[in-house]
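Read through the structure below, which is laid out as structure tokens, and then see the notes.
All values below come from the heavy atoms of this structure, side chains included, with hydrogens, waters and symmetry mates left out.
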Amino acid sequence: MDFLLKATRESKGKKRLKHIIILTCRALAIAALVLAVARPLSSSGFFSWGSSKVDTVILILDRSASMELDSADPSQTKREKIMQLTQESIQNLGNTKLVLIDSATGGAMPVATPSSLHEIAQTQATDTSASIPALLTAAVEYVLESNTGRTEIWLASDMQQNNWHPNSGQWNNIKAGLGNISEQTSLRVISLKNGSTNNLATVVKKAQRVGDELLLEIEITKNNDTSSPQVPLTLSLNGVQSTEYVNLSGHSTILNKRLPLSDKSGYGYIQLPSDTNQRDNTSYFSYGTELPVHSAIVAPKGEARDYFSLASAPPGYAKQQSTVYTPSQPIPFDSLSLVIWQSPLPEAEVKSQMLQFIENGGIVAFFPPINTGINSANEFLDSHWGVLSKSAEGKYFIIDDWTRNDGPLRNGEDGRSIPVTKLKAIKRRDITTSHTSLSDWSEDTPFLTRAIHGRGAAYFIATVPDYSWSNLGDADVILPLIQRLIIKGNQRFGSGFNTTIGNLPPSIKVDLARSRRLDSASPSNPLNSQYEAGVYRFGERTIAINRSDSEDSIQELENDQLDIILADTDYRLFEEDSKKSSSIGQQLWQPLLIAMLVFMIIEAFLCLVKKRTVIAPATKA
């Protein structure tokens with residue numbers, strides 16, 4: 001009897017389990033059908049749900065110079081990898097409209113067929129930089145102005161921090177714009193951080209004519225994986241080439257060369273051997289006739305003004321000239337390399353003119369006024385003068401620390417340092433600023449600060465060359481400081497002109513497509529010539545156009561930084577880190593329908609009624 005009860009319970013348990021499995025398969029089949037209708041997308045291991053298929057994909061393509069570095073697949077650059085991923089993904093999405101916004105033109109352009117991405121001009125390699133905030137703003141505006149339906153914004157970048165501008169005020173507006181379109185639009189950041197790191201880059205930092213010589217300052221940067229300590233560097237000057245081997249030390253190597261000149265004007269380039277990024281191996285320069293160097297001095301009559309005149313225009317040296325002005329006189333900023341200002345900080349129209357002068361590449365050196373009744377609230381580029389300090393009886397303010405590889409107090413070409421420690425002051429003014437300090441007093445208060453604005457800068461010096469203040473007039477510090485500021489400000493002049501693609505004057509931008517390229521350093525792409533570095537002839541004017549040296553930076557935007565600048569937005573990160581292609585966004589409705597059929601088959605199989613075998617009763621003999 002116990003055996004029969006146990007067998008009955010086991011039979012009921014098996015039937016209950018069978019019914020549960022059948023019910024589960026039926027529920028899963030229904031769920032798969034519902035999800036297939038919802039048209040989900042797969043991306044980087046996550047799901048993105050939508051009520052219908054994706055109508056529009058807006059591809060933001062970073063095609064700056066750094067995107068020409070090899071990707072994880074050495075046969076492709078990062079730019080080419082993005083286009084391959086886009087083509088594969090658009091095919092998986094079905095009938096979806098593709099709109100391209102590239103970093104060079106910044107405009108939105110519908111792409112008829114994704115297979116043509118490699119052929120159109122707006123996807124070719126350039127020597128430009130990218131502004132990710134500006135590109136995202138353009139994408140948001142396109143969605144708001146156009147009937148794009150359900151939209152995916154695919155932002156493709158190598159995550160170079162200089163292009164992302166993480167401290168830009170535009171990010172608040174971008175997040176607000178993404179919030180307004182979030183119901184129909186989602187953002188995917190396609191990160192191609194990984195790739196080849198065995199790369200060298202070079203740039204001409206300075207090309208200045210002094211008499212019959214051309215002074216070149218060349219920088220070669222490498223990453224940690226570059227094993228070769230010595231590389232060949234080719235220099236071309238007016239078509240004549242020479243090659244020398246350069247020893248590399250650390251991440252950055254600075255070379256200073258003096259080239260004899262026989263022509264009034266000319267051009268050239270420097271070039272490294274081919275490596276994993278061809279766009280950063282060449283840098284160009286041009287030069288013209290030497291022009292007189294003009295400085296303006298705005299200072300009251302006295303000892304300090306005399307020292308400023310001597311330091312800015314030593315008698316008989318390099319055709320340098322200086323002129324004294326009062327704060328109320330009109331100053332010819334267009335012809336100046338340096339402005340020495342020892343008066344209350346400028347205001348109103350003069351301040352506006354000076355800011356434009358600095359933005360165009362000019363240099364201003366501010367020294368504190370002698371008088372003590374100065375309005376410290378008056379500021380210039382977020383800097384202003386603080387309180388006047390006097391040293392204790394028999395003691396001096398001395399310099400404790402200064403930057404030796406940057407700024408006007410840097411070491412010389414031969415490695416010798418400026419004798420800054422000889423400077424002694426009994427009076428100084430505090431410099432209140434948020435900008436870089438290049439030199440500090442022993443009490444860790446700034447002696448020399450720099451505020452960069454556009455292509456120029458404003459420098460604040462805390463004391464003056466007046467022996468009632470300091471011995472700055474001894475020439476050990478004031479002469480190299482002023483002369484280096486003049487050299488820096490004079491770089492914007494000359495009949496030969498050196499600039500970067502991102503800083504082209506409007507007139508040059510218009511004429512660039514009609515200009516004639518002079519150099520033969522690298523082949524030119526006719527689809528993209530207006531975005532390529534090189535030496536160009538505009539009528540009688542020769543201009544060397546380079547990529548921005550910020551494109552050589554290896555600093556990348558980290559994921560936590562990305563979370564901060566895109567906080568409160570529903571974005572997804574896609575990281576390509578393998579040599580195999582993987583789709584950015586892929587429809588999952590086909591595998592879901594297959595899964596539904598599998599569940600239905602399993603359910604049908606379990607529902608089959610097992611045939612019973614009937615045993616006939618035994619007949620009696």
Side-chain angles (χ1 to χ4, degrees), residues 41 43-44 53-132 134-136 138-139 142-143 146 148-160 163 185-192 195 277-279 523-532 574-576 578-587:
L41 299 175
S43 175
S44 189
K53 75 178 189 67
V54 175
D55 299 301
T56 305
V57 168
I58 300 176
L59 174 63
I60 298 177
L61 178 61
D62 176 1
R63 58 185 186 123
S64 59
S66 60
M67 286 289 286
E68 296 312 298
L69 189 69
D70 287 352
S71 64
D73 182 353
S75 65
Q76 290 180 312
T77 67
K78 294 185 177 185
R79 175 185 53 85
E80 293 169 337
K81 185 68 174 180
I82 286 296
M83 289 189 288
Q84 177 193 341
L85 289 172
T86 300
Q87 289 174 341
E88 295 173 354
S89 300
I90 292 293
Q91 291 174 357
N92 291 328
L93 295 179
N95 187 21
T96 299
K97 178 183 177 182
L98 176 62
V99 176
L100 173 68
I101 298 178
D102 72 285
S103 61
T105 67
M109 184 192 74
V111 179
T113 56
S115 59
S116 66
L117 273 176
H118 286 86
E119 303 169 3
I120 60 179
Q122 288 80 358
T123 61
Q124 304 302 306
T126 74
D127 292 304
T128 61
S129 295
S131 173
I132 300 300
L135 295 173
L136 262 177
Y142 182 84
V143 173
S146 308
T148 58
R150 177 159 180 80
T151 305
E152 290 274 0
I153 299 175
W154 294 355
L155 172 54
S157 171
D158 60 355
M159 309 304 287
Q160 191 180 53
N163 293 336
T185 305
S186 57
L187 171 65
R188 298 178 187 273
V189 177
I190 308 166
S191 168
L192 269 72
N277 188 350
Q278 306 304 317
R279 308 301 296 194
S524 179
N525 184 346
L527 294 176
N528 220 37
S529 58
Q530 67 268 39
Y531 301 114
E532 292 181 340
F574 179 94
E575 295 183 287
E576 175 66 18
S578 67
K579 296 183 180 180
K580 297 181 179 179
S581 298
S582 56
S583 180
I584 300 169
Q586 183 176 4
Q587 294 280 9

Checklist entry - Going by atom types only, do Glu80 and Gln84 share a side-chain donor-acceptor pair under 3.5 Å? => result no

Report all side-chain donor-acceptor pairs from residues 110-117 shorter than 3.5 Å, counting only partners two or more places apart or in another chain.
unit_1: Thr113; atom_1: OG1; unit_2: Ser116; atom_2: OG; d: 3.4
unit_1: Ser116; atom_1: OG; unit_2: Thr113; atom_2: O; d: 2.7

Checklist outcome for this item: Closest heavy-atom pair, Thr126 versus Ala104, reported as atoms and distance to 0.1 Å, is CG2-CB, 4.3 Å

Item to check | Inter-residue atom distance Gln124.CD - Glu119.CD, 0.5 Å rounding | outcome: 9.0 Å

Item to check | Closest contact, heavy atoms only, Ser66 versus Asn163 | outcome: OG-ND2, 4.1 Å

Item to check | Atom pair CG/CG of Leu155 and Leu187 - distance to nearest 0.5 Å | outcome: 6.5 Å

Checklist entry - Would you find a donor on one side and an acceptor on the other, under 3.5 Å apart, between the side chain of Thr96 and the backbone of Val54? => result yes

Checklist entry - Between Val57 and Ile90, is a side-chain contact (heavy atoms from CB on, under 4.5 Å) present by the stated rule, with each step listed? => result CA-CA 8 Å; Val57 168; Ile90 292 293; 3.9 Å; yes

Item to check | Donor-acceptor contact present, side-chain Ser89 to main-chain Gln87, <3.5 Å | outcome: no

Item to check | Gap separating the CG atom of Leu59 from the CD atom of Glu152, nearest 0.5 angstrom | outcome: 12.0 Å

Checklist outcome for this item: In this structure, OG1 of Thr56 is separated from NZ of Lys97 (nearest 0.5 Å) by 5.5 Å

Checklist entry - Which atom pair, heavy atoms only, marks the closest approach of Leu135 to Gly106? => result CD2-CA, 4.3 Å

Checklist outcome for this item: In terms of heavy-atom contacts, Ala130 and Ser103 come closest through CB-CB, 3.6 Å

Checklist entry - Does a side-chain heavy-atom distance below 4.5 Å link Val143 with Ile58? => result yes

Checklist entry - Listed by chain and number, what are the salt bridge (Lys or Arg N to Asp or Glu O under 4.0 Å) partners of Asp102, not counting sequence neighbours? => result Arg63

Checklist entry - Is there a side-chain contact (heavy atoms from CB on, under 4.5 Å) between Tyr531 and Thr105 once you walk through the steps? => result CA-CA 9 Å; Tyr531 301 114; Thr105 67; 3.3 Å; yes

Item to check | From CD1 (Ile82) to CG (Asp158), nearest 0.5 Å | outcome: 9.5 Å

Checklist entry - Between the main-chain N or O of Leu192 and the side-chain N or O of Lys78, is there a donor-acceptor pair closer than 3.5 Å? => result yes

Next on the checklist: Glu68: which residues meet the salt bridge (Lys or Arg N to Asp or Glu O under 4.0 Å) condition with it, sequence neighbours left out?
Outcome noted: Arg79

Checklist entry - Rounded to the nearest 0.5 Å, what separation is found between the CG atom of Asp70 and the OG1 atom of Thr77? => result 7.5 Å

Item to check | Close side-chain approach of Leu100 to Leu98, heavy-atom, < 4.5 Å | outcome: no

Item to check | Met109 vs Ile120 side-chain heavy atoms within contact, under 4.5 Å | outcome: yes

Item to check | Beyond-backbone contact of Leu61 with Gln122, side-chain heavy atoms, under 4.5 angstrom | outcome: no

Checklist outcome for this item: Looking only at heavy atoms, the pair that brings Ala121 and Asn528 closest together is O-OD1, 3.6 Å

Checklist entry - So which heavy atom on Met67 is nearest to which on Ser157, and how close? => result SD-C, 4.1 Å

Checklist entry - Would a distance-only check, ignoring hydrogens and angles, find a side-chain to backbone donor-acceptor pair under 3.5 Å from Asp62 to Ala156? => result no

